[in-house]
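Step one of this worksheet: look at the structure below.
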Amino acid sequence: MNYSDERLNIEPEAQRVTLDGRQIPLTRKESLLLATLAANEGETVDRRFLLREIWGYPEYVHTRTLDVHIRRLRKKLGPAGEHYIETVFNAGYRFCRPRPNVEFRPVYAYALTA
């Protein structure tokens with residue numbers, strides 16, 4: 001399943017990822033990890049699921065390999081990496097489509113007392 005937005009294009013079959021028109025060199029595991037997260041966009045993907053599906057680890061194995069791969073993947077994606085891959089503590093990771101620049105609205109004092 002391909003993913004594409006204004007900045008990022010993921011082609012899992014070709015193991016090709018481009019960001020802002022520039023190809024990002026990823027390992028096979030990094031490519032599979034990013035494609036899996038993108039295929040489940042907006043959903044928290046459980047750590048155990050990722051370890052089982054991508055690395056073939058059984059349920060009871062505790063390893064930091066997933067965290068290391070996420071860190072490397074974010075680094076390769078540069079500043080955009082933190083926007084696309086969100087950590088859900090004690091659960092897993094979530095792929096999020098970046099939101100356009102949003103104008104923040106102040107919370108007025110009366111709204112806090114109501």
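Atom set for the values below is all heavy atoms of this structure, side chains included, hydrogens, waters and symmetry mates excluded. Please read these numbers as outputs of a predicted model, since none were measured by experiment.
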Q) With no hydrogens and no angle check, is any side-chain donor or acceptor of Lys76 less than 3.5 Å from a backbone partner on Ile24? A)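 Not a single qualifying donor-acceptor pair exists.
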Q: Using the test ring-ring contact (aromatic ring centres under 6.0 Å, His included), find all partners of Phe95 that sit at least two apart in sequence or belong to another chain.
A: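 ring-ring contact (aromatic ring centres under 6.0 Å, His included) list for Phe95, sorted by chain: Tyr3, Tyr84.
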Quick one: [atom1] on [X] to [atom2] on [Y], what's the gap to the nearest 0.5 Å?
X: Glu41; Y: Met1; atom1: CD; atom2: CE; answer: 8.5 Å
X: Arg71; Y: Ile85; atom1: CZ; atom2: CD1; answer: 13.0 Å
X: Arg7; Y: Asp5; atom1: CZ; atom2: CG; answer: 8.5 Å
X: Glu30; Y: Leu77; atom1: CD; atom2: CG; answer: 9.0 Å
X: Leu34; Y: His69; atom1: CG; atom2: NE2; answer: 12.5 Å
X: Thr27; Y: Leu32; atom1: OG1; atom2: CG; answer: 9.5 Å

Any [X] side-chain heavy atom under 4.5 Å of [Y] side chain:
X: Leu8; Y: Thr18; result: no
X: Arg47; Y: Leu50; result: no
X: Ile10; Y: Leu26; result: no

Q: Establish whether Phe49 and Leu33 are linked, either directly or via other cluster members, by ILVMFWY side-chain heavy-atom contacts under 4.5 Å.
A: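 Yes, one cluster joins them.
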Q) Same cluster for Phe89 and Leu37 if Ile/Leu/Val/Met/Phe/Trp/Tyr side chains link at under 4.5 Å? A)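 Result: no, two separate clusters.
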Which heavy-atom pair separates [X] from [Y] by the least distance, and what is that distance?
X: Arg97; Y: Ser4; value: NH1-O, 3.6 Å
X: Asn40; Y: Thr36; value: ND2-O, 2.8 Å
X: Thr44; Y: Gly92; value: CG2-N, 4.2 Å

Q. Do Leu66 and Tyr57 pass the side-chain contact (heavy atoms from CB on, under 4.5 Å) test, and can you show the C-alpha distance, the side-chain angles, and the key distance before you say yes or no?
A. CA-CA 11 Å; Leu66 174 58; Tyr57 290 152; over 6 Å; no
Q. side-chain contact (heavy atoms from CB on, under 4.5 Å) with Arg48: which residues, sequence neighbours excluded?
A.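 With sequence neighbours excluded, Arg48 shows a side-chain contact (heavy atoms from CB on, under 4.5 Å) to Asp46, Glu59, given in chain and number order.
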Q) Can you tell me if CD on Glu13 sees more than 12 non-hydrogen neighbours from other groups inside 6.0 Å? A)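 Counting other residues, nucleotides and ligands, CD of Glu13 stays at 12 neighbours or fewer.
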Q. Which is it for Lys29 and Ile54 under the side-chain contact (heavy atoms from CB on, under 4.5 Å) test, yes or no, and what are the steps along the way?
A. CA-CA 7 Å; Lys29 295 285 189 193; Ile54 296 175; 3.8 Å; yes
Q) Can Thr87 and Arg74 be said to form a side-chain hydrogen bond (donor to acceptor under 3.5 Å, both in side chains), step by step? A) CA-CA 11 Å; Thr87 300; Arg74 283 177 174 152; 2.8 Å; yes
